[in-house]
Structures are given as C-alpha cells and as structure tokens.
Amino acid sequence: MELYHLKTFVKVADEGNLSRAAELLFTSQPAISAHIKALEEELGINLFQRTPKGMRLTPSGELLYQKAAGILNSADELKSEAQSLRQELVGDLKIGVHTDFEFVRIAPLLQNFARKHPKVRVHFLAGMSATNIPDVRKGNIDGGFFFGPAKSADLTTIELATIPIRVVAPATWQDRVEHASPEALCALPWIYTSQNCPFYDLHSQIFSDYQCTPNQVAFVDSEDAIRELVKAESGLALLREEDAKQMEQQGLGYCWAGEVPSIALSFAVQKRRRSEPLINAIIEEICSLWGVENESTNEMMIDSA
DNA sequence: ATAATACGTAGGCCGGATTC
DNA sequence: GAATCCGGCCTACGTATTAT
C-alpha cells in the first residue's frame with residue numbers, strides 16, 4: 001500500500017467519479033482505476049460500489065476513508081516539519097486563478113517567487129471564483145484568487161484590492177444608455193453571469209432599490225465571452241472598470257456613467273494550512289505584490305452562518 | 001457517461017560486479 | 001566496507017478500446 005493509493009482513494013471518494021478524480025490528480029482514469037483495484041485487493045474489501053453514474057463508498061469504505069484521510073494529513077505534517085527544519089522550500093503549489101492572469105499579476109508573482117524559492121513548482125490553474133473556493137476547501141488547490149466575499153469558516157481570506165466595476169454597453173447603444181435611468185437600463189438586454197458567480201449579486205445590488213427585473217438574455221461566466229457578447233451587441237454587462245474603459249477606447253463599448261458597487265479581489269487558503277511554510281511563502285509574496293499587510297489575514301476570516 | 005481492460009513504454013529499483 | 005556503475009526486471013503510466 002502506497003501513499004498515492006490512499007490519495008487516490010480519498011479523491012475518488014470526495015468526487016464520486018474516477019474521471020474527475022483522475023483530472024484533479026493530473027493522471028489518467030485507468031491509472032486511478034488500477035489504484036483503487038490494487039487497494040481493494042490488498043485490503044480484501046470492496047471500498048466502492050460501482051454504479052453507472054460513478055463510484056459510491058461502501059459502508060466499509062466510509063470507515064476506511066477517515067483512516068486514509070488521517071494518514072495523508074500525517075504525511076503532509078511530516079513533510080511540512082521537514083521543510084521548516086531545512087528552511088528551504090520544496091514542493092508543488094497549485095493556485096487557482098479566476099480571471100485574466102495579467103490582472104492578478106501572475107507573471108511578476110511567479111518571477112519574484114521563483115527567485116526566492118527556486119525549488120518550488122507553482123501551478124497556476126484557470127478557474128472561476130465559484131470553483132476556486134470549493135477547490136481550496138477540498139484541497140484540490142492550495143490557494144485561489146476570487147471576487148467577492150467567502151462564506152466559509154474553514155478558510156483564511158486576504159483582501160488584496162477593491163475593484164471598480166462599470167456597466168458597459170455595445171458602442172452603438174450610446175444614445176440608448178448615455179442618459180438612461182437605472183429603470184431604463186433594466187429594460188435593456190443584459191448579459192448575466194451564472195447565479196454562483198459573485199458578479200450575479202452585483203447585478204442584484206444595482207437594481208435592488210428599483211422595482212424592476214433586469215431583462216436577462218444570456219448567462220456566461222467567462223470574461224472573454226462577456227466582452228464578445230457586448231461587442232456583438234447582445235446586451236449590457238458588468239465588467240471591471242479597466243476592461244470596460246479599454247473596450248470604450250477601442251470603440252467596442254460604451255461605459256454607462258452611473259455608479260456601480262465595487263467588488264473585492266481576494267485570495268483564499270485553508271485556515272488549518274495557513275502556517276504551512278509553502279502557503280505562508282506564497283501569501284507573503286502576494287501581499288507584497290499587492291501592497292497588503294500580511295498580518296491582516298486573520299482579520300479577514302468570515303464565519304459561515 | 002463512466003469504469004474496466006489490453007498493451008506498449010519509460011523510468012525506477014534491485015542486485016551483482018567493480019573500484020577505492 | 002562503502003560507493004558507484006550497469007544491466008535486467010518491475011511497475012505505474014498513457015492511449016486505445018471495450019463493457020456496462
């Protein structure tokens with residue numbers, strides 16, 4: 001029995017799906033299938049019940065899952081302890097990035113971090129605010145950027161900046177939008193994000209004081225897609241001010257003059273892993289890059305209801 | 001759609017031989 | 001006796017495919 005067998009066991013149990021677990025472990029589905037089979041043969045127990053929809057833990061599997069997770073935690077602690085004794089950081093860090101890499105300063109972050117910690121390999125994984133938070137909680141990634149508040153007691157979040165937001169309309173709609181009241185805007189077609197995206201709440205905030213329901217014509221989560229749809233005159237949308245202004249300068253959009261609530265850009269890690277050397281190092285670098293006090297992290301913890 | 005199987009491949013491990 | 005080299009074997013992987 002190897003540690004990677006246990007890692008696979010725990011991941012498959014978490015995901016309930018071999019293919020998804022394989023993706024998260026950066027390996028193939030047959031490899032994962034073989035791990036589970038080898039473990040089951042060695043233990044002489046069926047850990048999972050195979051179904052057409054995936055893998056479900058058996059009662060014995062449920063019991064052994066807790067043990068396996070405990071062993072993996074102990075192994076992580078051992079590694080962390082050894083790293084602090086060496087005072088040299090080694091290993092892999094997986095960071096979820098929810099928006100464009102330039103905006104969250106990934107290039108300088110990597111440059112500075114690699115100079116200080118040459119033996120750490122950093123994986124930047126494209127995601128979304130709505131996926132980065134659960135992925136951090138599940139341990140699929142070590143840390144993640146996101147917009148908006150995090151409603152999870154097991155996370156430590158660091159607010160890096162307040163990002164101004166603007167309503168941007170297709171450039172040809174200037175006449176319709178320039179002097180439009182919020183009620184008039186509401187009646188125009190809107191490109192929305194999905195409900196689990198923090199931008200969705202921003203839309204609600206804008207119209208909360210007015211008795212109107214926005215005319216939602218499309219729901220997309222990618223900023224690229226939002227820009228494309230605005231360009232294609234499909235509707236209005238919320239964008240970061242920097243993006244909105246750029247579209248306006250390029251003649252591809254028109255920014256509505258009215259005020260829109262801003263949104264927080266934050267970085268999250270698991271609260272229990274906050275003091276791990278690797279986690280601490282990346283937080284230190286991110287804070288330095290954004291000019292934020294590292295100590296402020298504790299104050300940013302948000303308890304769930 | 002998802003898991004399991006077949007098969008080829010590459011890298012790592014092990015044991016014997018050799019050197020210091 | 002310890003360290004190093006080298007060849008053969010093993011194993012974990014990926015791709016392709018099949019089964020459920």
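Lettering follows sequence order; numbering is per chain, from 1.
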Practice task
Name the orientation class of the two ring planes belonging to A:F101 and A:F124 (parallel below 30°, tilted from 30 to 60°, perpendicular beyond 60°).
Solution key: perpendicular

Fill in the blank from the handout: Residue set satisfying ring pair (Phe, Tyr, Trp, His ring centres under 6.0 Å) with A:W190, at least two apart, ordered chain then number -> A:H203, A:F207

Practice task
May I ask you to check if A:R240 and A:F103 form a cation-pi contact, with NZ or CZ under 6.0 angstrom from the six-membered ring centre and within 45° of the axis?
Solution key: yes

Problem - side-chain N/O A:N17 vs B:dA3 OP1/OP2, d < 4.0 Å - result: yes

Handout entry: Whole-Å distance separating the CG atom of A:L39 from the C1' atom of B:dA4
Key = 17 Å

Exercise for the section: Can you sort out the partners of A:A130 under side-chain contact (heavy atoms from CB on, under 4.5 Å), two or more places apart, ordered by chain and number? Expected result: A:N196

Completion exercise
From NZ of A:K11 across to C1' of B:dA3 the rounded distance in Å is 20 Å

Problem - For A:D224, side-chain hydrogen bond (donor to acceptor under 3.5 Å, both in side chains) partners two or more places apart - result: A:R227

Practice task
Please give the angle, rounded to 10 degrees, between the axes at the start and the end of the helix from B:dA1-C:dT20 to B:dC20-C:dG1, where five pairs define each axis.
Solution key: 30°

Handout entry: Atom-pair distance (NZ on A:K7; P on C:dA12), nearest Å
Key = 14 Å

Practice task
Among B:dA4, B:dT2, C:dA12, find the nucleotide with the atom closest to the side chain of A:H35.
Solution key: C:dA12

Handout entry: A:L57 with A:L43, same ILVMFWY side-chain cluster at under 4.5 Å
Key = yes

Exercise for the section: Sequence neighbours left out, what passes side-chain hydrogen bond (donor to acceptor under 3.5 Å, both in side chains) with A:R105? Give chain and number order. Expected result: none

Handout entry: Contact state string [nucleotides 14-20 of chain C, B base, S sugar-phosphate only, - no protein heavy atom under 4.0 Å]
Key = BBB----

Handout entry: B:dT2 phosphate, OP1 or OP2, under 4.0 Å from A:S19 side-chain N/O
Key = no

Handout entry: Integer-rounded Å distance: C:dC13 P and A:L25 CG
Key = 10 Å

Fill in the blank from the handout: Whole-Å distance, A:H5 NE2 to C:dC13 C1', equals 12 Å

